[in-house]
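We name chains A, B, ... by the order of the sequence lines, and we start the count at 1 in each one.
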Amino acid sequence: MTSLPLSQQARPQPPGMRGGATYLDGLNAEQRAAVEAMDGPVLVLAGAGTGKTRVLTTRLGHILATGRARPWEILSVTFTNKAAREMKTRVGALIGEGVEGLPWLGTFHSIAAQILRRHAELVELKSSYTILDTDDQIRLLRQLIQAEGIDEKRWTPRFLAALIDGWKNRGLTPDKLPEDAKWSFADGLGQKLYEAYQARLQILNACDFGDLLLHNLTIFQNHADVLAEYHKKFRYLLVDEYQDTNVAQYLWLRLLARGSNNICCVGDDDQSIYGWRGAEVDNILRFEKDFPGATVIRLERNYRSTANILGAASGLIAANKARLGKTLWTEDDPGEQVQVRGIWDGEAEARFVSEEIENWVSKGRAYSDIAVLVRASWQMRAFEDRFLMLGLPYKVIGGPRFFERQEIRDAHAYFRVVRSIDDDLAFERIVNTPKRGIGQTSVQKLIQTARAANVSMAEAARMIVETDEIRGGARTGLKTLLRDIDRWAHQAETMRHDELAEIVLDESGYTGMWREDKSPQAAGRLDNLKELVRSMGEFDTLEAYLEHVALVSDLDTAGDGEEVSLMTLHAAKGLEFPFVFLPGWEETVFPSQRSLDEGGTSALEEERRLAYVGLTRAREQAVITFTANRMIFGRWQSVLPSRFIDELPPAHVEARSETGYYDGGPGFEGVRERADPFNSSYSSPGWKRFQDAHAQGRKGSQPTLEGKARLIDSGSSASKWKPGDRVFHDKFGYGTVKTADGAKLSVAFDKAGEKKVVDSFVRGEA
DNA sequence: GCATGCATGATTTTT
DNA sequence: TCATGCATGC
């Protein structure tokens, strides 16, 4: 660790600042060092809740206030629009004036898009290029795969999209693909398809998200003069969430930083949770090598959570090997221990959480103080069901996004076609929506004709409607559509874009289609379309609007109202709540099956970081729950408590069973052997205690010892039950045993149907 | 060309 | 469970 240069020497005060830099007051020594380390590369390792955003914004303000750079000479990049917005607001408050003058504060993608617009011709694009969404991307790839005669089911467009995305994230243009990468799709056709895809994008004057950065790289690498221009321009670089950068973003930063060498990256390796999206934790781990002479500053004083929460989180993350290592500390009260609860199943878990919520609220706390953080969105359902039933106010954060909804994309496609009739992807999307009698075969014909004549689909359609190649309804439908588009395009020259939007949606029959739709979602879709037209009015031009929606996904703001927040752990990064529920801490759920199957230790460590992120969201109290049974993909499964529960340091944890029996013990200690509960002796202390308590707590005469013994003995294939036995199960009721394999029973329940259950959860009928 | 019914497979998502 | 995509039959 490098020393902390606590520069205390007097510096020239900028004009207009009264009585010194008051904005530095209240920063601790490390924070202040991070703000004042001005020259050369700086890495700020900011643990959860250590005032990262404050440091970032103060530093920005400091650079401006000391006159080291003017607003347009600072490049500040974030990952989310939300983070960019927050920085703008906070810097504005700090320097006491509007921040309109910070043109280079934004997300990686929006800044890369700006740069690309200025130099598009250097990568054979026009500056009016469009940004494709994933939907367009996949449809384009599907066409290319079909053209190659590849089996679409074996090699899906989605898979290819993910591959190409991954290559782009690593800064790989088609010509730079390594040998093995070429073979990762359709027996060596990967590279060819990637090339074909890029060629198509160029013809369409479009690029995808990955291209925004990749094209920037190409421009910088091939045009030293352009890069030099940006070197001259950017005197300071600020990077937020550096642990989430991918290789392309890292290369981009490195190229830009070569000018001033004043790059300051802020991040936390322990909060790197986007590896599956191409983020390289390695970037932050390697910072000192990449930027020689770097100052590294650790922010370890936490201002958010109680000592118990911090202790639990720190103990957990200590199990990771690939980390720089920080020790968070606080002067706060120890507070309550982290609660760990074992619960029967997912429904009971939702019930428990809702009861606890009502409990806190009845003690005068607000719903908005509370968050429920899940690993995967399917887990939200149980909570939503429960909350709806109770009328408990809640809000899902992050869910399905406004701009990704079908009706919004369809509407956008109409606007794009009106703006430019040669936008094939948009044209294909709306050509038969609503239904105009133009089916698959007609669309295929259009594509083929277009390809053969080397014209756009709309152009091909114009040719074809004059011939007999398309008959009847399809022909008139197509004719009408072409005529309509021409008319709208004409109107666009004189009309406000939001006004025209309404006309287009109406005259095309698109709104009519949803009005006649009887499905329960139709009304909501119409509302969304209305909202869409309204939000378009906030932009001066259609172009400005489309650029905005391509790069911004969150129309809704995080809930400030009187509601419980429900979201995934990923969506929770950067947020904090007094009370946090962390349900579903079970093997195969969290850590997820996928991470267990595929990614090896690095994927597991990422899951652990996710757990760490979850815990460190809590200010006062964290409650972790796990169940014994969970419905996954519509099937009941017995599940084991997550290994992360065993990794929590006992001193900071209070563990209790569902039925309220205190186990009184020091929590769930010890390293557990990985085991299958059905086929081997499984002996997690935590699991056993849960079992014991559960057996005791249950009504009926099931002896505790027996339940315990059977669990431990379940390696033998002997079972208490045999086919034909009648049993009772707390959840499923009465049933008849079909098969018995060790502790694993298959039971045909009278009401619930055939289920697989562990024998310790059933008892005799009598 | 389109509606319907069945098989299939999935989980995190900053832009 | 649920959304998607296929084959089938009109």
Side-chain angles (χ1 to χ4, degrees), chain A residues 77-85 106-113 131-134 137-138 142 152-153 156-158 162 165 168-169 207-213 240-241 243-246 248-249 271-279 346 373-382 385 397-401 403-404 406 432 434-444 470-474 477 521 547-554 567-574 584 588-599 603 606-607 609-611 613-614 630-636:
Chain A
V77 280
T78 63
F79 275 85
T80 66
N81 290 292
K82 203 176 132 207
R85 225 179 301 128
T107 63
F108 275 100
H109 288 89
S110 71
I111 285 170
I131 301 167
L132 297 190
D133 61 22
T134 39
Q137 232 183 91
I138 283 171
R142 173 167 291 128
E152 243 185 284
K153 271 173 271 176
T156 64
R158 195 170 287 278
D165 213 44
K168 289 184 175 176
N169 284 340
C207 61
D208 61 25
F209 274 115
D211 280 335
L212 292 173
L213 277 140
D240 191 17
E241 307 276 23
Q243 78 281 354
D244 288 337
T245 50
N246 61 36
Q249 287 157 341
Q271 291 186 70
S272 165
I273 55 176
Y274 283 102
W276 50 275
R277 261 201 132 287
L373 312 181
V374 294
R375 172 67 249 258
S377 21
W378 58 262
Q379 292 170 263
M380 292 184 187
R381 230 197 100 126
D385 284 352
I397 312 267
R401 257 158 289 166
F403 295 117
E404 282 170 18
Q406 184 192 339
N432 198 33
K435 299 261 181 294
R436 296 187 176 91
I438 305 158
Q440 260 302 298
T441 30
S442 300
V443 173
Q444 280 308 317
I470 288 180
R471 296 185 318 271
Q521 302 106 343
E547 166 101 9
H548 174 80
V549 298
L551 294 171
V552 173
S553 59
D554 52 344
M567 69 190 99
T568 63
L569 287 159
H570 283 92
K573 196 172 75 161
T588 77
V589 174
F590 189 37
S592 73
Q593 187 62 53
R594 211 192 177 102
S595 69
L596 294 172
D597 288 345
E598 293 165 14
E606 181 152 317
E607 295 282 304
R609 290 193 289 269
L610 206 45
V613 167
R630 193 169 289 278
M631 175 104 89
I632 297 172
F633 298 143
R635 292 201 161 279
W636 281 102

Set of residues satisfying side chain to side chain donor-acceptor pair (under 3.5 Å) with respect to [X], sequence neighbours excluded:
| X | result |
| --- | --- |
| A/Gln406 | none |
| A/Asp133 | A/Arg409 |
| A/Thr107 | A/Ser110 |
| A/His570 | A/Trp276 |

Measuring from the side chain of A/His109 (C-beta onward, heavy atoms only), which nucleotide among B/dT15, B/dT12, B/dC2 has the closest atom? B/dT15
In whole Å, what is the span from the [atom1] atom of [X] to the [atom2] atom of [N]?
| X | N | atom1 | atom2 | answer |
| --- | --- | --- | --- | --- |
| A/Ile138 | C/dA3 | CD1 | P | 18 Å |
| A/Asn81 | B/dT15 | CG | P | 5 Å |
| A/Ile438 | B/dC2 | CD1 | P | 9 Å |

Is the aromatic ring centre of A/Tyr274 closer than 5.5 Å to the centre of the six-membered base ring of B/dT13, with the two planes inclined by less than 30°? no
Can you tell me whether the side chain of A/Arg277 and the base of B/dT15 have a donor-acceptor pair closer than 3.5 Å?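 By the distance-only test, yes, there is a pair.
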Can you see if the side chain of A/Ser595 gets near the phosphate of B/dT12 - specifically, an N or O under 4.0 Å from OP1 or OP2? no
Is the phosphate of B/dC2, meaning OP1 or OP2, less than 4.0 Å from a side-chain N or O of A/Asn432? yes
Interface polar pairs with nucleotides 4-11 of chain B, N/O, under 3.5 angstrom:
| residue | atom | partner | partner atom | Å |
| --- | --- | --- | --- | --- |
| B/dT11 | OP2 | A/Arg594 | NH1 | 3.1 |
| B/dT11 | O2 | A/Trp378 | NE1 | 2.3 |

Excluding sequence neighbours, so at least two apart, what forms salt bridge (Lys or Arg N to Asp or Glu O under 4.0 Å) with A/Asp208? A/Lys168
Does A/Ser442 reach a base, just sugar-phosphate, or nothing at all? Heavy atoms under 4.0 Å. sugar-phosphate
